[in-house]
Amino acid sequence: MILDHYIAIFVLPFLLLLYVVRKNRKARRLPPGPWQLPLLGYLPWIDAEKPHETLTRLSRVYGPVCGFRMGSVYTVLLSDPQLIRQSFAKDSITNRAPLYLTHGIMKGYGIICAEGEQWKDQRKFISNCLRNFGMVKHEGAKRDKMEERISDAVNECVSVLRDRGANGPIDPLDTLHHCLGNLVNSIVFGKTYEEEDRIWKWLRHLQEEGVKQIGVAGPLNFLPFLRFLPQYGRVIRSIVDGKDKTHEIYRQILDEHRARVDSGNGCKIDSFLAAFDEQMRKKDGAESGYFTEPQLYHLLADLFGAGTDTTLTTLRWFLLFMAAHPMEQEKIQSEMDLCLREGEQPTLNDRIVMPRLEAAIAEVQRIRSVTPLGIPHGTSEDVEIGGYDIPCGAMIVPMQWAIHTDPAYWRDPLEFRPDRFLSEDGTFFKPESFLPFQNGKRVCVGEELARMILFLFAGRILRAFSVRVPAGEIADLEGECGITLVPKPHRLAFVGRDR
């Protein structure tokens, strides 16, 4: 009698709930996925330090389309490059997932967190600006101007590395961050800083800390109520405070720019800030609600952060892998020595005759995906992916790490082999499973600019130096994962080649 009562109260309702869940799952054809907890979903099992490895293991177990909940957000992992291409070509998968960071803090401003018509409008604006600034594939006057901007930054970088590395191994981070970051400053803000400038030092520090903090705040994206706990509350306050102070600096730069324009001295439209301000003056807020000061400040932050962080991190990984694989480095340098006369430096026109340098950069992007989980998308309506039904409001994660380390696509994927990007005739080529800049409608709008910067920085540094791991030290190639996967602090020896 007691047993019957127990079954009626506890067991039958549970079985009924299980039946309803399974029937609903079958009716909707949801993707397969792991067992998970109510409210928390699969969050407790995700390694906070290596989330890309946890999710890659799930992809290996459950297949190219894997679904589960991360807190309040239904999440779908895509680990098939063809599926990613097909899915990300759809308008219904161009949104951002309903995360606290994108919707609660950034409120959909900028370009990274923007959606719908605002995203389309601002992406078109950015694309037009980049083309006007010289981000074009074919040589000409516009590209020459952009190459000159990049070359000035590279020349300063090589000079500083030579001076600082003359007395032994150094950590090149500060030099690379200053020189590459200042290049991005000139493109985004139309101004540059001295390395020891107080504001510039603070901005560089904020960027480095922001990447770590947002990584730490990851659970907040899926469980927003955590912001009421002291640990996460401090992180949120730090992020918001950093955002507000940064926007105040941007406001001062905007005021300086407007003062120059109003003085009648003229002003070149060769930065995003200048181009955006021109649109604000033309439209005066009437024609488009997207050209506003709040949008400008968030957009500038996105452009600076995305333009600096991913390219800087890729360059750091490149130098570290070159030092760890001296034979591959020598092959690149031999190729350059064969193509260039004494005193000549690599130019963008040399990309076609230096495929090994391009291949090495690509292999670094593959083996150390800077954004190992890509930039997640969100669904604006119910959609179908790979034969499964995905609900509106789901987060779609393009698993770059899983694809770039999958033996189904890459032979010995954990081995550093630039030759995999060289065809039989020695030319550079990109396999279908290579997705460093993502794909589809939200593919990185600055991809070509990033490729230009990486080629010139990497080529000219290797032209000037042999990069080596200091004697008695071992190169740590594991990295630390926040928003991006970055190298751990390290030192390298820059030995002059006098070429």
Side-chain angles (χ1 to χ4, degrees), residues 28-31 59 64-70 72-104 106-131 135 221-222 276 279 283 287-292 295 298-299 302-303 306 310 371 373-400 402-403 432-450:
R28 296 187 67 182
R29 297 182 300 165
L30 291 175
S59 294
V65 187
C66 172
F68 53 92
R69 299 200 73 82
M70 293 177 67
S72 60
V73 180
Y74 185 72
T75 302
V76 177
L77 310 181
L78 299 184
S79 55
D80 178 275
Q82 191 60 36
L83 271 180
I84 291 175
R85 284 188 167 86
Q86 293 171 357
S87 302
F88 284 10
K90 300 176 181 178
D91 286 330
S92 54
I93 309 183
T94 58
N95 269 15
R96 288 304 186 205
L99 306 180
Y100 183 67
L101 176 66
T102 58
H103 290 66
M106 302 306 174
K107 303 185 187 302
Y109 283 118
I111 187 65
I112 295 175
C113 301
E115 298 177 330
E117 292 303 315
Q118 178 171 344
W119 164 72
K120 291 179 182 178
D121 181 273
Q122 295 295 284
R123 183 181 174 88
K124 182 179 179 181
F125 166 76
I126 293 169
S127 181
N128 289 337
C129 284
L130 286 171
R131 283 196 298 271
M135 190 195 78
N221 279 323
F222 312 103
F276 196 100
Q279 291 299 311
K283 298 180 182 299
E287 292 183 35
S288 171
Y290 307 133
F291 288 91
T292 64
Q295 168 62 11
H298 284 84
L299 182 64
D302 283 352
L303 293 170
T310 54
T371 52
L373 300 178
I375 305 297
H377 288 211
T379 55
S380 57
E381 58 186 60
D382 292 349
V383 297
E384 182 180 306
I385 298 179
Y388 296 104
D389 297 321
I390 310 301
C392 176
M395 177 170 71
I396 313 299
V397 182
M399 293 290 293
Q400 284 190 18
I403 293 170
E432 289 290 312
S433 52
F434 183 55
L435 302 170
F437 297 100
Q438 295 205 124
N439 203 266
K441 294 181 180 291
R442 291 198 82 140
V443 66
C444 176
V445 69
E447 175 181 351
E448 181 60 23
L449 178 59

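It should be emphasised that the depicted structure is a prediction, and the values quoted were computed from it without experimental measurement.
For the pair V76 and M395, the minimum side-chain heavy-atom distance is 4.5 Å or more. Two residues are said to be in side-chain contact when any heavy atoms from C-beta on lie closer than 4.5 Å; N221 and V73 fail this criterion. Two residues are said to be in side-chain contact when any heavy atoms from C-beta on lie closer than 4.5 Å; I396 and V383 fail this criterion. Contact annotation: the side chain of P31 never approaches that of C66 to less than 4.5 Å [non-hydrogen atoms, C-beta and beyond]. In this structure, F276 and Q295 have side chains that are in contact, with non-hydrogen atoms separated by less than 4.5 Å. P398 has its side chain out of reach of L435: every pair of non-hydrogen atoms, C-beta onward, lies at least 4.5 Å apart. Between L30 and Y74 the shortest side-chain heavy-atom distance falls below 4.5 Å. Counting heavy atoms from C-beta outward, E447 and M135 have side chains that stay 4.5 Å or more apart.
In terms of heavy atoms, D389 sits closest to E384 at OD1-OE1, 4.4 Å. Of all non-hydrogen atoms in L78 and S87, the two that sit nearest each other are CD1-OG, 3.9 Å. L77 and S59 make their closest contact through CD1-OG, 3.8 Å (heavy atoms, listed as atom of the first residue, atom of the second, distance). Of all the heavy atoms in N95 and R442, the pair that sits closest is C-NH1, 4.2 Å.
To the nearest 0.5 angstrom, Q86 atom CD is 10.5 Å from N439 atom CG. Atoms SG and CD, from C129 and Q122 in turn, are 9.5 Å apart once rounded to the nearest 0.5 Å. We find the OH-CZ distance between Y100 and F222 to be 14.5 Å, quoted to the nearest 0.5 Å. Here the straight-line distance linking atom NE2 of H377 with atom NZ of K441 works out to 11.5 Å at 0.5 Å rounding. Interatomic distance, I390 CD1 to D382 CG, rounded to the nearest 0.5 Å: 9.5 Å. A distance of 6.0 Å separates CD of Q438 from CZ of F88, quoted to the nearest 0.5 Å.
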Which atom pairs, donor and acceptor, lie under 3.5 Å between side-chain atoms of residues 107-115 and protein residues at least two apart or in another chain?
unit_1: K107; atom_1: NZ; unit_2: G104; atom_2: O; d: 3.3
unit_1: E115; atom_1: OE2; unit_2: R96; atom_2: N; d: 2.9

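Relative orientation of the F125 and F291 rings is perpendicular, given thresholds of 30° and 60° on the angle between their planes.
Residues passing the side chain to side chain donor-acceptor pair (under 3.5 Å) test with E117: none are found, sequence neighbours excluded. Under the side chain to side chain donor-acceptor pair (under 3.5 Å) criterion, D80 pairs with Y409, sequence neighbours left out.
At least one donor-acceptor pair closer than 3.5 Å links the side chain of T379 to the backbone N or O of A394.
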- Task: May I have the step-by-step check of side-chain hydrogen bond (donor to acceptor under 3.5 Å, both in side chains) for S127 and R131, ending in yes or no?
- Result: CA-CA 6 Å; S127 181; R131 283 196 298 271; 2.9 Å; yes
